[in-house]
Amino acid sequence: MNREFGSRRKGEGEMNREFGSRRKEEGDVNRDLGSRRKAEGDMNRDLGSRRKAEGDMNRDMGSRIKGEGDMMKRKKEKAKAIYEGWMVRYGRRKIGKSYLHMRYFVLEPRLLAYYKRKPQDNMVPLKTLVIDANCRVEDRGLKTHHGHMVYVLCVYNKKDKYHQLTMAAFNIQEALMWKEKIELVIDQQHDSLSASGNKALASCESGVDSGKNAFSSDQESVLEDEDEGNRGLARRMTRGNGPSDSIVDWIHEPDLGHSNQNIIQQVFSRKHWRLIRCQNGLRIFEELLEVDYLPRSFSRAMKAVGVVDATCEAIFELVMSMDGTRFEWDCTFQYGSLVEEVDGHTAILYHRLQLDWFPIRFVWPRDLCYVRYWRRNDDGSYVVLLQSREHANCDRQPGFVRAQIESGGFKISPLKSRNGRSRSQVQHLMQIDLKGWGVGYIPSFQQHCLLRMLSSVAGLREFFSQTDQIHTVPRIPVMVNMTRSSSSKKDQKSQEINVHPGPSLDPILAGSRQSILLDEDSDDDDDYQIPEAIPEAYAIKTENDVKQIVLDEEPLDQIDLSCFSGNLCRDDHDNSRDCWSIPDGKNIKVRSKNFLQDKSKIPAGKHLMELAAVDWLKDTKRMDNVARRVGCVAQVASEKGLFSLIINLQIPGSTNYSMVFYFVMKQLVPESLLQRFVDGDDEFRNSRFKLIPSVPKGSWIVRQSIGSSPCLLGKAVDCTYIRRPKYLEIDVDIGSSTVANGVLGLVLGVVTSLVVDMAFLIQANTSEELPEQLIGAVRVSHLELSSAMISGLDNSPDDSIH
């Protein structure tokens with residue numbers, strides 16, 4: 001057995017030796033294969049090095065091709081310039097002095113640039129501004145530089161207040177053309193952004209917590225025509241911090257008016273005006289007295305209405321002139337000069353009247369010192385408003401009686417052309433107290449002088465009808481500054497009495513313009529831009545028909561409003577004072593279902609939300625996020641499970657006021673336009689939040705100032721949106737618009753005599769969203785500033801509602 005076992009072990013050893021020999025042969029084969037693979041790897045490394053070198057060559061060639069492509073793209077974009085031409089470069093040096101230079105501006109689809117001369121080849125611009133949806137065009141009105149007046153525009157990005165471009169023109173039509181073209185580019189950028197935003201909104205969850213700062217507006221007006229096809233001229237117009245400190249006192253004078261939006265026809269209707277005569281081709285009207293707001297110490301307001309064969313711009317420039325050309329159409333003009341330029345739309349003027357009713361020894365001559373405010377409405381009409389005021393640099397002159405303008409001005413509206421000639425309707429209103437003994441003892445003295453002043457409309461008509469020149473390029477004439485020096489009153493009197501009409505200023509203007517502006521080699525474009533009224537940063541799926549029916553049929557009267565209260569009481573009587581009420585929605589016109597086809601409008605009907613209460617607050621600082629006030633209506637509504645929309649109208653001043661409206665409803669209807677507005681982003685909200693104002697009771701000049709045209713608030717002023725689970729607060733900063741702030745300042749001076757209606761809604765832009773529905777409306781009657789309550793807001797940023 002042992003031998004057999006040994007034989008087996010011997011056989012196994014031989015087998016193992018054979019297996020080892022095979023393994024050794026396989027190892028030799030593997031070493032040969034490794035040597036071959038090593039040789040192949042060396043060859044591959046050599047090939048990789050060659051390919052890397054070829055890649056580097058290709059990248060160099062690609063960079064060259066890309067550079068050539070970018071150059072071709074820039075040339076192609078330059079060839080697609082939307083608008084270009086010579087404009088005036090307006091700016092200020094570091095020492096504060098303004099300057100004007102002629103520069104060549106080019107507007108491209110996404111860029112605004114200017115050059116020292118017309119660009120050729122690859123000329124580098126002096127300055128550029130990227131145009132996007134955040135850009136705005138601000139109308140800064142008329143600016144004076146060495147006696148020359150230019151119409152100034154400022155294009156800026158709202159997210160960077162120092163990133164701006166200021167340009168100007170010598171005639172308004174040219175400036176308005178640039179403004180329209182730039183706003184067209186901004187609209188295109190905004191539409192593309194809105195389209196992409198709507199797609200993203202469709203996939204978003206409701207209840208988004210949005211706390212971003214809002215879009216601001218242009219636009220000069222502050223107000224915007226709601227017609228989507230003509231959305232440019234009155235938008236994003238003027239922004240700023242309001243009038244300068246030098247004129248703070250005059251905004252509290254009675255019935256001082258600033259022009260704002262379209263002047264509605266009801267202001268000039270037979271309800272307030274009565275035709276008393278036709279004279280020199282004019283209709284003369286007399287305003288029917290309403291003792292609630294017309295001081296009895298003043299004569300009745302009168303106005304003349306006539307048609308002038310000229311463009312609104314040409315007539316406007318003539319009306320604004322205070323030089324020798326005024327003698328050719330205004331028979332009551334003797335002398336006029338500029339006392340102070342407040343801003344581009346407001347100026348203090350001195351005006352001496354040539355009445356010639358009695359010899360000078362019986363009736364002393366009259367003079368005026370008044371505020372003149374002007375603006376262009378979105379329908380192409382112009383409004384010039386006048387009212388007397390005192391000024392430190394315009395003392396009462398010896399030998400003159402200082403008359404007082406209670407209200408007055410011009411409205412110049414375009415009419416359809418006839419026989420190829422432009423036509424405009426001119427309305428001239430005047431309510432004046434001539435003062436002195438002649439007014440009391442000679443009853444016909446006041447009316448005679450007033451009719452002579454109104455006859456200037458006929459003078460305008462004859463001025464344009466007796467010339468062959470086509471007034472398509474109106475000029476802005478020079479006005480002489482009247483700031484008084486330290487010379488004696490006797491010397492001043494002798495100089496003022498011997499004022500005579502001077503020669504035409506056209507040759508002077510032409511020569512001075514060339515000498516002052518054609519300094520194309522100047523490097524003053526790198527100027528120190530003093531921000532004018534640019535405030536610091538402030539802070540889609542369609543609605544289906546089923547949800548609209550739910551909104552229409554929801555019974556609003558089921559909400560118990562007795563538990564809500566504000567410090568301003570509700571009183572529905574017509575003659576109530578210092579209170580609020582709800583106006584009839586049937587008197588407010590909104591877009592109909594067929595608005596996109598025929599632009600028709602219908603009465604608004606009932607509201608989506610109920611107005612629960614109104615707070616009238618005051619504080620030393622601007623009041624933001626008023627919903628955090630302890631015990632406010634928004635908190636009470638939240639405890640009851642209701643949703644609130646708070647609209648906080650912030651009124652700036654030495655004392656800051658806030659008018660707060662609390663609208664409530666049971667809950668938001670999913671996928672409704674209101675729900676999409678509440679949960680949307682600020683861009684969407686700014687493009688839809690609309691106000692429709694009106695003044696049922698107030699003086700003529702205030703009704704003109706406020707108007708009744710719809711306004712997209714997010715584009716007119718800065719709006720801040722604060723979204724929380726149970727409320728949305730909209731803080732509307734009226735101080736962010738020069739025009740709105742100025743109008744509000746004058747309205748505060750006569751607010752106790754006014755009844756103002758405000759209707760809030762979300763603008764409907766598609767057939768699925770139409771017809772429009774009001775969120776709510778409020779009427780504020782005869783408000784008292786003294787009734788405002790101290791807000792009691794702490795400075796904590798935390799909200800009271802979570």
| request: Determine the interplanar angle of the Y370 and H351 rings, folded into 0 to 90°, and report it as parallel if under 30°, tilted if 30 to 60°, perpendicular if over 60°. | output: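 Ring orientation of Y370 relative to H351: tilted.
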| query | When the ring planes of W374 and Y151 are compared, do they come out parallel, tilted or perpendicular, using 30° and 60° as the limits? | reply |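 W374 vs Y151 ring planes: tilted.
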Compare all side-chain heavy atoms of [X] with those of [Y] and state whether any distance is below 4.5 angstrom.
X: F400; Y: W364; value: no
X: Q425; Y: V305; value: yes
X: L429; Y: K411; value: no
X: Q279; Y: L454; value: no
X: S413; Y: D379; value: no
X: F464; Y: L318; value: yes

| Could you walk me through whether E784 and T752 pass the side chain to side chain contact (heavy atoms under 4.5 Å, CB included) check? | CA-CA 6 Å; E784 297 284 350; T752 57; 3.4 Å; yes
Measure across [X] and [Y] and return the closest heavy-atom pair with its distance rounded to 0.1 Å.
X: H428; Y: M453; answer: CD2-O, 3.5 Å
X: R402; Y: D395; answer: NH2-O, 3.0 Å
X: Y350; Y: D367; answer: OH-OD2, 2.9 Å

Report yes or no: does [X] contribute a side-chain atom to a donor-acceptor pair with the main-chain N or O of [Y] at less than 3.5 Å?
X: S381; Y: N377; value: no
X: S455; Y: A458; value: no
X: R779; Y: V755; value: no
X: N393; Y: V339; value: no
X: R140; Y: V152; value: no

| query | Does the side chain of E313 pick up a donor-acceptor pair with the side chain of Y382 at under 3.5 Å? | reply |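 Present: a donor and an acceptor within the cut-off.
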| task | Would you please say whether a donor-acceptor pair under 3.5 Å links the side chains of S592 and S600? | result |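 The criterion, which ignores hydrogens and geometry beyond distance, is satisfied for S600 and S592.
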| task | Sequence neighbours left out, what passes ring-ring contact (aromatic ring centres under 6.0 Å, His included) with F285? Give chain and number order. | result |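 None.
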| field | R418: side chain to side chain contact (heavy atoms under 4.5 Å, CB included) partners, not counting sequence neighbours | value |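 Scan of R418 (side chain to side chain contact (heavy atoms under 4.5 Å, CB included), adjacent residues dropped) gives R423.
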